[in-house]
A.B. asks: 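Handing you a structure now.
Residue numbers begin at 1 in each chain, while the letters A, B, ... track the order of the sequences. Values below: every heavy atom of this structure, side chains too, minus hydrogens, waters and symmetry copies.
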Number of protein chains: 2
Amino acid sequence: MNELHVLTTGEAARYCGVNFRTVIRWIERGQLKAYKLPGRGDHRICVEDFVGFLQDNAMPVPTELAAASRKVLVLAQRPELIATGRQALQQGGFEVEVAGNSFVAGTMLAAAKPALLVIDAGLEQANAFAIIDHLRSRGEFANVRVLVVTEAGDNDSQRWLEGGADAVIQGPADRAELVAKVKLLLDM
Amino acid sequence: MNELHVLTTGEAARYCGVNFRTVIRWIERGQLKAYKLPGRGDHRICVEDFVGFLQDNAMPVPTELAAASRKVLVLAQRPELIATGRQALQQGGFEVEVAGNSFVAGTMLAAAKPALLVIDAGLEQANAFAIIDHLRSRGEFANVRVLVVTEAGDNDSQRWLEGGADAVIQGPADRAELVAKVKLLLDM
DNA sequence: TGAATTGTTGACAGGTAAGACAGGTTTAAT
DNA sequence: ATTAAACCTGTCTTACCTGTCAACAATTCA
């Protein structure tokens with residue numbers, strides 16, 4: 001069972017340094033999404049919605065709530081890229097999941113909702129464009145960043161960027177470069 | 001093996017981000033339907049009652065609890081199979097979604113939680129086994145039925161059944177046969 | 001048999017809703 | 001620049017819902 005984390009109005013208020021009464025007003029005005037408990041009508045706010053609200057209003061996001069935005073999914077089959085990616089990104093402070101094929105990647109993307117997808121263009125080359133295209137055409141995944149790691153010798157980064165990728169690394173990936181790019185893409 | 005038909009108060013509480021004591025109070029007040037076990041008087045909540053309760057109160061329904069017994073996902077690239085499948089199954093009373101590649105199928109499977117996956121073995125042959133294997137190895141998807149539609153001339157149904165498929169149709173699929181098989185697999 | 005786990009019950013402290021009111025800030029008009 | 005209006009936010013109060021804690025019972029497992 002996945003722990004769906006929710007906040008009360010008081011918790012949300014403390015996170016952004018205002019009175020809980022103000023948070024209730026944000027909810028009543030429809031600016032912040034929330035649902036009500038049947039008892040007295042207590043409000044509960046999904047962390048996901050709260051983080052989105054903070055970002056929309058350029059408010060600082062508390063690190064303990066930003067865990068979801070530090071989640072990275074790696075779609076790769078080259079063993080060296082899988083090993084490099086997992087180790088480097090975990091050491092860089094990211095939560096890393098690895099998928100070995102595009103079907104598994106799809107299930108993980110929908111279930112774990114990572115903020116970034118690293119695609120190994122080496123063996124998924126034929127599918128990579130279709131994947132990026134699907135992400136870009138669905139509002140649900142529109143804010144998932146995409147980082148493509150090309151095959152050695154593939155210098156045509158422009159092709160990927162035009163296809164919808166947010167950044168490209170020419171493989172085989174350098175650990176430092178990979179972490180740096182990911183941090184850049186996630187604003188960290 | 002985890003039959004998700006009933007919930008304990010603790011499970012229900014975690015699902016809606018509330019203390020178990022509160023769930024018991026909802027039950028005592030008659031807002032949430034439940035029954036008691038003879039021993040200690042433990043409460044048990046039917047999933048459908050719980051989902052109805054969540055919907056009545058505009059609370060988010062966890063995807064894994066969403067009733068999806070009539071939802072079918074078709075993973076196919078052959079146009080004739082897509083057309084046949086969609087029309088026949090919709091006329092048969094099923095809610096049909098179509099994915100054109102395995103990544104999209106993965107996202108839809110995790111998001112829409114269909115009860116049945118129809119796989120076109122024609123063009124996803126290489127991946128089909130990996131997909132079925134992944135479904136069967138993950139408890140989360142263990143109760144998703146799998147129906148494989150083979151290529152014309154492929155008579156080796158046994159291979160698919162051993163690989164984890166619940167049923168096989170030798171393609172190209174006959175409309176009536178397809179609907180009949182799906183109804184059979186979903187106990188309808 | 002006894003320990004561990006899980007769920008119930010009761011009592012109590014604490015938190016939250018809702019309305020009303022006062023103070024501060026922004027916006028617009030003079 | 002000054003004023004007034006409009007709006008947002010914080011504080012206060014009352015009522016009652018919710019979380020926490022302790023003790024206990026049923027079930028499971030070794």
A.B. asks: Taking atom P of dT6(C) as reference, at what distance in whole Å does atom CD of Glu11(B) sit?
C.D. replies: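 Whole-Å distance recorded here is 11 Å.
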
A.B. asks: The side chain of Ile24(B) lies closest to which of these nucleotides: dT18(D), dG10(D), dT9(C)?
C.D. replies: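 Output: dT9(C).
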
A.B. asks: Side chain of Arg44(A), heavy atoms from C-beta onward: which of dG7(C), dG10(D), dG19(D) has the nearest atom to it?
C.D. replies: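 Nearest to the side-chain atoms of Arg44(A), counting from C-beta on, is dG19(D).
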
A.B. asks: Measure distances between side-chain N and O atoms of Arg40(B) and base N and O atoms of dT6(C), and say whether any donor-acceptor pair falls under 3.5 Å.
C.D. replies: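 It does, because a donor-acceptor pair links the side chain of Arg40(B) to the base of dT6(C) below 3.5 Å.
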
A.B. asks: OP1, OP2 of dT9(D) versus side-chain N and O of Thr22(A): anything below 4.0 Å?
C.D. replies: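 It does not, given that no N or O in the side chain of Thr22(A) lies less than 4.0 Å from OP1 or OP2 of dT9(D).
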
A.B. asks: Checking all strands, does Asn19(B) fall into the base, sugar-phosphate, or nothing category for heavy-atom contacts under 4.0 angstrom?
C.D. replies: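 Asn19(B): base contact, heavy atoms under 4.0 Å.
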
A.B. asks: Look at Thr9(A) and dA17(C) and indicate whether a side-chain polar atom (N or O) is within less than 4.0 Å of OP1 or OP2.
C.D. replies: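 For dA17(C), OP1 or OP2 has a side-chain N or O of Thr9(A) closer than 4.0 Å.
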
A.B. asks: To check you understand the geometry: which heavy-atom pair defines the closest contact between Lys181(A) and Val168(A), and what is its length?
C.D. replies: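 Answer, listing the atom of Lys181(A) first, then Val168(A): CE-O, 4.0 Å.
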
A.B. asks: So, under a plain 3.5 Å distance rule, would you say the side chain of Arg21(A) forms a donor-acceptor pair with the base of dT9(D)?
C.D. replies: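 Under the 3.5 Å cut-off, the side chain and the base do not form any donor-acceptor pair.
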
A.B. asks: Compute the bend angle of the helix from dT1(C)-dA30(D) to dT30(C)-dA1(D) from the end axes (five pairs per end), rounded to 10°.
C.D. replies: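 If I round to tens, the end axes sit 50° apart.
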
A.B. asks: In chain order, what residues pass the salt bridge (charged side-chain N to carboxylate O under 4.0 Å, His left out) check against Arg44(B), with sequence neighbours excluded?
C.D. replies: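 Salt bridge (charged side-chain N to carboxylate O under 4.0 Å, His left out) list for Arg44(B), sorted by chain: Asp42(B).
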
A.B. asks: Could you walk me through whether Val6(B) and Phe50(B) pass the side-chain contact (heavy atoms from CB on, under 4.5 Å) check?
C.D. replies: CA-CA 9 Å; Val6(B) 294; Phe50(B) 185 59; over 6 Å; no

A.B. asks: Would you mind listing every salt bridge (charged side-chain N to carboxylate O under 4.0 Å, His left out) that reaches into residues 129-143 of chain A, with sequence neighbours excluded?
C.D. replies: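 Residue pairs with at least one partner in residues 129-143 of chain A: Arg136(A)-Asp166(A).
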
A.B. asks: Would you indicate what Leu37(B) reaches in the nucleic acid, counting non-hydrogen atoms under 4.0 angstrom: base, sugar-phosphate, or nothing?
C.D. replies: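 Leu37(B): no heavy atom of the nucleic acid under 4.0 Å.
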
A.B. asks: Which atom names give the shortest non-hydrogen contact between Pro38(A) and Met59(B), and what distance separates them?
C.D. replies: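 Minimum heavy-atom contact is CD-SD, 4.3 Å.
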
A.B. asks: Distance check needed: dT9(D) P versus Asn57(A) CG, whole Å only.
C.D. replies: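 One finds 11 Å between P of dT9(D) and CG of Asn57(A), rounded.
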
A.B. asks: Can you see if the side chain of Lys36(A) gets near the phosphate of dA18(C) - specifically, an N or O under 4.0 Å from OP1 or OP2?
C.D. replies: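 Checking Lys36(A) against dA18(C): at least one side-chain N or O falls below 4.0 Å of OP1 or OP2.
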
A.B. asks: Once you round it to whole Å, what is the distance between C1' of dA18(C) and CZ of Arg29(A)?
C.D. replies: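 So the two atoms are 16 Å apart, to the nearest Å.
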
A.B. asks: Between dA17(C) atom C1' and Trp26(A) atom CH2, what is the distance in whole Å?
C.D. replies: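 To the nearest whole Å, that distance equals 17 Å.
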
A.B. asks: Without decimals, in angstroms, what is the distance between Arg25(A) CZ and dA20(C) C1'?
C.D. replies: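 Rounded to whole Å, this separation is 11 Å.
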
A.B. asks: To the nearest angstrom, how far is Glu28(A) atom CD from dT16(C) atom P?
C.D. replies: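 Result: 15 Å.
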
A.B. asks: Check the distance between dG7(C)'s C1' and Tyr35(B)'s OH and give it to me in whole angstrom.
C.D. replies: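 The answer, rounded to whole Å, is 14 Å.
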
A.B. asks: Take the protein atom CG of Asp42(A) and the nucleotide atom P of dC16(D), then report the distance between them rounded to whole Å.
C.D. replies: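 Rounding to the nearest Å, CG of Asp42(A) and P of dC16(D) are 14 Å apart.
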
A.B. asks: Give me the atom names and distance for the closest heavy-atom approach of Lys33(A) to Asp49(A).
C.D. replies: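 Heavy-atom minimum between the residues: CD-OD2, 3.8 Å.
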
A.B. asks: Measure the CD1-CG distance between Ile169(A) and Asp174(A) for me, rounded to the nearest 0.5 Å.
C.D. replies: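 Atom-to-atom, Ile169(A):CD1 and Asp174(A):CG are 8.0 Å apart.
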
